[in-house]
Amino acid sequence: MPEMPEVEIIRRSLINKLKGKQIVQIEILLARQIKWPDKDGFVAMTVGRHIIDIGRKGKYLLLLLDNGNTIVFHLRMTGRLCYTLKEASQDLYKRIIFLLDDGNLLIYADTRTLGTIYALAPGEEWRIEGLSHMGMEPLTEAFTEGYLYDIMYKSKAKIKSFLLNQKKISGLGNIYTDECLHMAGIHPLRLAGSLMKSEIAQLHMAINKVIADGIRDGGTTFRDYRNGEGEKGHHQENLFVYGRNGKPCKVCGTVIEKIVVGGRGTHFCPNCQKLREES
DNA sequence: CAATAGCCCTGGTGGC
DNA sequence: TGCCACCAGGGCTATT
């Protein structure tokens, strides 16, 4: 499931391949994944244009075109973007194919088809709620300990749900959220507004570290995730809690537990992450 | 307003 | 071995 590190790795692996290329033709195999505008409108806004840059905002990937329009991808669970030779074996689950002027393809593939794609004219960011109301992003100057404190102390949400809320902090998904809480030694059921300042400081550091480590390792591949060249990430080898329920904690040896919080599978170490502080 | 349950969607898995 | 209910979960919508 692509979270911020995975989307960033895709961006980095595609930028030199796509920059300056012209979109010659688009083959839309599953039109319902294009959420704005309709199929014909999408083609009209993008075909014949050159890609001048690739950006990212939170988990959204942005292809900036020479007419000022932007193609926006949100990969959700199983979306993939891959630059590939025309004659290379193609993804079984390809949904939208961009033919480029170098003869190669940019293939959008998506097993579960939950991903969303848009073409936006300049100033139309408001059309995507999640893009226009996005919280601060880890590893940026704006994401300070003070910012985290300001949005946390008044929240009544469980910390696990709070961290997943993209309007508060953008980029964390289920995997990295569980990893952050473990690194910071905070139980997922704690209320965001109940954390002490020292714990918020720990959490702030953990969020930046976990995201940076994920990027360093080329992302986390459980099943579907690939970068823009079709390669797996290897951060799954360095996870402390996610998917490790029943296994010993890498820090203290206690068996990792899995519970459901806010409808999401949640992994934690009951020793490293205590619900109540013991004095 | 804020928190949460339900929904979308398909392949892999576990139970019988 | 085959069948099938169930789970995975990001983010939007409806509900409380």
Side-chain angles (χ1 to χ4, degrees), chain A residues 1-8 10 29-36 56-62 72-81 91-96 108-118 120 125-135 137-138 150-181 188-195 207 210-211 214 219-226 232 235-236 239 241-246 256-268:
Chain A
M1 49 226 82
E3 304 178 27
M4 193 268 250
E6 286 72 32
V7 180
E8 175 61 17
I10 292 171
L29 303 172
L30 190 59
R32 70 173 155 77
Q33 293 205 250
I34 297 177
K35 303 298 176 181
W36 182 265
R56 181 188 56 73
K57 243 188 114 176
K59 303 177 191 172
Y60 291 86
L61 193 76
L62 314 168
V72 181
F73 294 90
H74 195 299
L75 306 174
R76 298 288 176 107
M77 310 302 299
T78 55
R80 304 178 281 278
L81 269 173
D91 199 303
L92 184 59
Y93 300 99
K94 55 186 184 289
R95 309 300 184 192
I96 298 177
Y108 175 75
D110 193 342
T111 310
R112 285 165 62 185
T113 74
L114 291 171
T116 53
I117 298 150
Y118 315 75
L120 299 184
E125 203 172 84
W126 58 269
R127 289 195 185 278
I128 306 174
E129 165 79 13
L131 190 59
S132 51
H133 294 91
M134 187 172 281
E137 187 168 304
D150 287 345
I151 57 174
M152 279 185 76
Y153 82 92
K154 54 193 168 191
S155 168
K156 291 171 189 161
K158 298 178 186 78
I159 185 64
K160 160 85 181 194
S161 304
F162 180 90
L163 293 179
L164 284 173
N165 185 345
Q166 304 298 299
K167 289 179 181 170
K168 309 286 188 187
I169 304 166
S170 62
L172 292 173
N174 209 38
I175 296 173
Y176 293 104
T177 294
D178 284 1
E179 295 298 309
C180 286
L181 289 174
L189 290 174
R190 294 276 302 281
L191 300 183
S194 78
L195 297 203
I207 290 169
V210 162
I211 291 289
T220 303
T221 299
F222 268 95
R223 183 173 301 145
D224 298 288
Y225 169 70
R226 298 291 186 278
K232 297 179 182 185
H235 190 62
Q236 61 277 8
L239 296 175
V241 286
Y242 185 88
R244 297 196 68 251
N245 39 308
I256 301 298
E257 290 183 16
K258 182 178 181 184
I259 58 175
V260 175
V261 182
R264 297 288 177 258
T266 299
H267 315 72
F268 71 102

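Letters go in sequence order (proteins before strands), and every chain restarts at 1.
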Pairwise N/O distances under 3.5 Å, protein to nucleotides 13-15 of chain C:
none

For each nucleotide in nucleotides 6-11 of chain C, reading 5' to 3', give B when a protein heavy atom comes within less than 4.0 Å of its base, S when such contact involves only the sugar-phosphate, and - otherwise.
--BBBB
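- One can place CH2 of A/Trp36 at 17 Å from C1' of C/dC12, the figure rounded to the nearest angstrom.
- Every side-chain contact (heavy atoms from CB on, under 4.5 Å) that A/Leu29 has, sequence neighbours left out, goes to A/Glu27, A/Lys94, A/Ile97.
- Looking at residues two or more places apart in sequence or on another chain, you find a side-chain contact (heavy atoms from CB on, under 4.5 Å) between A/Ser155 and A/Ala157, A/Phe162, A/Ala192.
- Minimum interatomic distance between A/Arg264 and A/Leu164 (heavy atoms only, all atoms of both residues): CG-CD1, 3.8 Å.
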Test ring-ring contact (aromatic ring centres under 6.0 Å, His included) applied to A/His235 and A/Tyr225, step by step:
CA-CA 11 Å; A/His235 190 62; A/Tyr225 169 70; over 10 Å; no
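- Scanning for salt bridge (Lys or Arg N to Asp or Glu O under 4.0 Å) contacts around A/Glu8 gives A/Arg11, A/Arg12, A/Arg56, with sequence neighbours left out.
- Applying the side-chain contact (heavy atoms from CB on, under 4.5 Å) criterion to A/Lys35, with sequence neighbours excluded, gives A/Thr116, A/Tyr118.
- End-to-end axis angle of the helix from B/dA2-C/dT16 to B/dC16-C/dG2, using five pairs per end and rounding to 10°, comes to 60°.
- A salt bridge (Lys or Arg N to Asp or Glu O under 4.0 Å) check over residues 125-134 of chain A, counting only residues at least two apart or in different chains, returns the pairs A/Lys57-A/Glu125, A/Glu124-A/Arg127, A/Glu129-A/Lys167.
- Toward the 5' end of DNA chain B, the nearer of the two residues A/Lys156 and A/Tyr93, judged by each one's closest nucleotide, is A/Lys156.
- Using a 4.0 Å cutoff to heavy atoms of chain A, the contacted part of DNA chain B runs 5' to 3' from B/dA3 to B/dG12.
- In this view, A/Thr111 and A/Thr78, A/Arg80, A/Tyr93, A/Asp224 satisfy the side-chain contact (heavy atoms from CB on, under 4.5 Å) rule, not counting sequence neighbours.
- Of the N and O atoms on the side chains of A/Gln33 and A/Asp110, at least one donor lies less than 3.5 Å from an acceptor on the other residue.
- For the 3.5 Å distance criterion, the side chains of A/Thr220 and A/Tyr176 qualify, holding a donor opposite an acceptor.
- The residue A/Lys158 sits close only to the backbone: its heavy atoms come under 4.0 Å of sugar-phosphate atoms, none of a base.
- By the salt bridge (Lys or Arg N to Asp or Glu O under 4.0 Å) test, A/Arg76 pairs with no residue at all, sequence neighbours left out.
- Contact annotation: the side chain of A/Leu75 never approaches that of A/Leu61 to less than 4.5 Å [non-hydrogen atoms, C-beta and beyond].
- Not counting sequence neighbours, the partners of A/Phe73 by the ring-ring contact (aromatic ring centres under 6.0 Å, His included) test are A/Tyr108.
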